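Fair warning: this is a prediction, and the values are worked out from it, not measured in the lab. The sequence lines fix the lettering, A, B, ..., with proteins before strands; numbering per chain opens at 1.
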Amino acid sequence: MEQFIQQLVNGISIGSIYALIALGYTMVYGIVKLINFAHGDVFMVGAFIGFYSITIFHLGFFPALLISMAACAIFGVLIERIAYKPLRNATRIAALITAIGVSLFIEYGTIYVRGAQLESYPDDIVPLKNFDIFGVTISGKSILILAVSICLMIVLQFIVHKTKIGKAMRAVSHDMDAARLMGINVNNTISATFAIGSALAGAAGVVFGMYYTKIEPLMGIIPGLKAFVAAVFGGIGIIPGAMTGGLILGVIEALVSAVGGSLWRDAVAFVVLILILIFRPAGLLGKNVREKV
Amino acid sequence: MRKKKVAGVFMSLMVAAGVMAGCGSANTSGDGDKDGVIKIGANLELSGGVASYGQSIKEGIELAFEEINKEGIDGKKLKLVPFDNKSDAPEAINGATKLISQDKVAAIIGAATSGNTKAQIEIAQSNSIPLLTPTGTSADVTVNKGKLNDFVFRTCFIDPFQGTVAANFAAKELNVKTAAVFIDSASDYSKGLAASFKELFTKMGGNVVIEEAYLAKDTDFHAQLTNIKGKNPDFIFVPGYYEEVGLIVKQARELGLKVPMMGADGWDSPKLVELAGKDALNNTFITNHYSSGDSDQKVQDFVKAFKAKYKDKSPDAFNALGYDSAYFIADAIKRAGSSDPKKIQKALAETDGLELITGKMKLDKNHDPIKAAVILEYQNGEQTFKTKVNP
């Protein structure tokens with residue numbers, strides 16, 4: 001039983017990272033119908049920006065988190081303006097291939113600039129203790145991850161539902177042309193979506209680095225793909241779906257490992273994707289009133 | 001287009017010429033002995049991915065040659081002919097061909113990795129030139145499908161041996177009864193070590209209570225470690241490479257697994273300490289080829305000589321194995337009383353009781369050295385010499 005709860009805690013920790021990345025996928029898809037495959041690499045860039053803020057500028061965890069989010073927001077907007085905007089009226093497959101190109105460009109550009117060697121986050125950025133509750137060891141870091149994720153999700157819900165830009169995003173996602181006729185600046189709204197999504201990926205990068213220590217230029221590929229699975233799982237384009245999908249995927253992975261299938265962990269994640277696409281293409285929450293962003 | 005074709009034909013001619021030159025030299029090579037000089041080739045990774053291995057080995061060889069040449073071998077001096085194989089197997093093949101056909105070396109030292117050594121075996125065998133790898137630990141370097149590569153030798157012990165040493169140490173020194181084994185299922189190295197650990201550990205009355213696996217490049221090991229924790233083992237054997245092991249040790253300690261953990265030379269990197277953190281590494285052990293902290297007089301003399309030559313740099317295992325490889329060959333040449341590669345080969349195979357920095361060495365029938373391993377303990381992020389285990 002203790003072991004089961006421990007595995008649940010493990011799953012929720014990794015799941016909340018997936019959820020943070022999945023949010024970016026889902027928001028971008030909701031608004032421009034593009035699977036932004038470069039998103040996992042924005043996550044990687046975020047991890048490195050956080051790392052350099054901590055090691056070179058000696059900042060604490062939270063300032064590093066904010067800097068990384070800000071830098072990734074700008075980075076996301078740049079990617080959108082340079083690579084995707086010129087293709088807005090092109091076929092979807094053209095945009096998708098461009099996204100893959102951007103992804104490879106960021107990965108190998110990073111390797112070109114700083115080399116392929118790994119870096120490790122300093123151990124003492126967040127001096128957190130472990131908690132022992134009925135034989136279950138919960139590391140302070142797991143709790144911090146969960147707290148950061150939940151806070152960011154609440155802020156995101158607030159932005160989408162209570163602010164003017166959020167309203168514009170929802171409008172553009174419903175009908176881009178109608179929104180433009182109503183006087184909404186569609187370009188700015190799309191940029192804002194990329195900015196917010198990328199900021200979340202940047203936050204996920206710093207949290208990942210803090211939790212797992214090791215960061216390297218190709219670290220974004222697998223979490224990026226898993227987050228994509230999570231987004232589809234919850235129903236792509238639906239914000240609460242990305243959160244649920246991420247958490248459930250994390251827990252599924254931990255439980256698969258718990259029953260001795262640790263080598264099947266990645267395979268199971270993608271089997272989940274296939275099953276969802278066959279039996280419930282709209283995703284878990286796909287039946288809800290579509291409130292796409 | 002046409003130009004390309006001509007160039008292509010020219011290239012293939014060149015390659016063919018190279019190969020033929022390699023064959024032709026079979027009878028004539030061995031006159032590495034000219035003007036009282038015996039040429040020894042060094043086909044090493046001096047640049048590329050694992051350049052630090054090759055560079056370190058070369059430093060060791062150069063120091064040893066300097067010492068040997070003070071007296072000479074029967075009045076002759078050794079001369080090193082280095083070749084940079086750029087950490088690349090095709091380049092290693094070119095290197096072996098060049099060293100044998102052009103430089104007419106009496107023997108080749110190299111390469112550092114098992115893969116680049118295997119690439120040269122064919123050429124060394126067909127030209128009857130001894131090939132000695134200082135650090136190629138994979139078992140199939142000297143034996144291929146049950147057949148001995150009679151001209152191929154190595155200075156290091158093979159991978160599975162470290163698993164045996166670890167089992168011995170766990171059962172006798174740490175007095176543990178139950179162990180968990182956590183392997184990298186993508187690596188033959190890891191599987192080989194785990195298999196030999198399990199075999200001896202169970203034979204000595206221990207019990208392997210759980211086996212878990214991961215894949216190289218994984219970052220999350222919490223789930224497997226939680227399973228291990230559920231079985232409450234006294235000891236965890238993790239024969240992996242430092243990239244993953246660093247995270248495994250760290251995550252294990254975070255989950256409250258405080259038992260001793262042990263690995264092998266795959267752990268040996270400064271990055272390990274960065275990844276795992278100093279505190280998490282306490283109470284962990286590794287087996288290795290050599291330690292500069294070994295109190296043995298021979299080792300301390302070597303450390304002193306090495307520091308004097310290389311600006312106070314403390315020699316690592318690659319330096320030591322490079323140094324030992326040079327003495328291994330020099331000893332064989334002396335006993336052979338000749339620089340004829342075939343006689344050197346015979347003398348190398350007969351090596352028994354040769355005193356080296358990395359232990360007293362004897363070759364078994366597979367050309368695998370039987371010699372001591374050292375056990376190091378991490379204390380506050382520093383490797384400290386714990387003990388030396390003789391086979």
Side-chain angles (χ1 to χ4, degrees), chain A residues 1-15 17 55 116-124 128-132 135-142 208-209 211-216 218-219 221-223 226 250-251 253-267, chain B residues 48-52 180 182-187 190-191 210-232 241-258 269-281 380-381:
Chain A
M1 189 61 203
E2 284 141 24
Q3 215 176 320
F4 178 75
I5 296 173
Q6 180 89 62
Q7 295 290 18
L8 224 49
V9 172
N10 298 339
I12 290 172
S13 306
I14 181 74
I17 293 179
T55 50
Q117 76 279 16
L118 58 92
E119 294 291 354
S120 35
Y121 262 61
D123 207 22
D124 46 2
L128 286 173
K129 271 194 289 195
N130 291 350
F131 303 96
D132 265 313
V136 180
T137 312
I138 301 175
S139 76
K141 286 178 181 171
S142 316
F208 183 94
Y211 190 57
Y212 289 118
T213 315
K214 185 177 80 171
I215 59 170
E216 40 110 9
L218 300 182
M219 66 184 266
I221 299 174
I222 287 292
K226 297 270 184 72
V251 172
E253 283 192 0
L255 295 184
V256 166
S257 303
V259 296
S262 46
L263 297 176
W264 290 93
R265 192 166 59 183
D266 290 358
Chain B
V50 289
S52 74
F182 193 18
I183 61 169
D184 174 356
S185 67
S187 141
S190 192
K191 284 193 252 180
I210 182 170
E211 282 177 58
E212 277 287 342
Y214 63 91
L215 284 172
K217 299 279 167 200
D218 274 358
T219 46
D220 187 276
F221 306 96
H222 288 99
Q224 294 100 313
L225 289 166
T226 302
N227 284 350
I228 291 177
K229 195 184 171 196
K231 298 279 183 195
N232 250 328
Y241 292 107
Y242 63 91
E243 261 193 73
E244 289 82 26
V245 168
L247 302 182
I248 290 172
V249 172
K250 184 181 169 130
Q251 292 173 15
R253 299 301 190 221
E254 277 172 5
L255 284 171
L257 271 164
K258 303 211 163 57
S269 162
K271 281 276 176 205
L272 178 77
V273 185
E274 276 178 40
L275 286 170
K278 288 175 186 168
D279 293 336
L281 270 178
N380 294 318

Legend entry - Considering all heavy atoms, the nearest A280(B)-V249(B) contact: O-CG1, 3.4 Å

Legend entry - Pick from A213(B), G256(B), A223(B) with the largest number of heavy-atom pairs that fall under 4.5 Å of chain A: A223(B)

Inset, instruction - Heavy-atom distances under 4.5 Å only: say whether K229(B) touches chain A with side chain, backbone, both or neither. - result: side chain

Legend entry - L247(B) portion near chain A, given a 4.5 angstrom heavy-atom threshold: side chain

Legend entry - Distance in Å, I228(B) CD1 paired with K231(B) NZ, rounded so as to fall on 0.5 Å steps: 11.0 Å

Legend entry - Salt-bridge contact E119(A)-K214(A) (side-chain N to carboxylate O under 4.0 Å): no

Legend entry - Under 4.5 Å from a heavy atom of chain A, the part of T219(B) involved: both

Legend entry - Engaged part of D279(B) at the chain A interface, taking heavy atoms whose separation is under 4.5 Å: neither

Legend entry - Contact class of Q251(B) relative to chain A, heavy atoms under 4.5 angstrom: side chain

Inset, instruction - Report yes or no: do N227(B) and S257(A) form a side-chain donor-acceptor pair below 3.5 Å? - result: no

Legend entry - Pair D266(A) + K226(A), salt bridge at N-O below 4.0 Å: yes

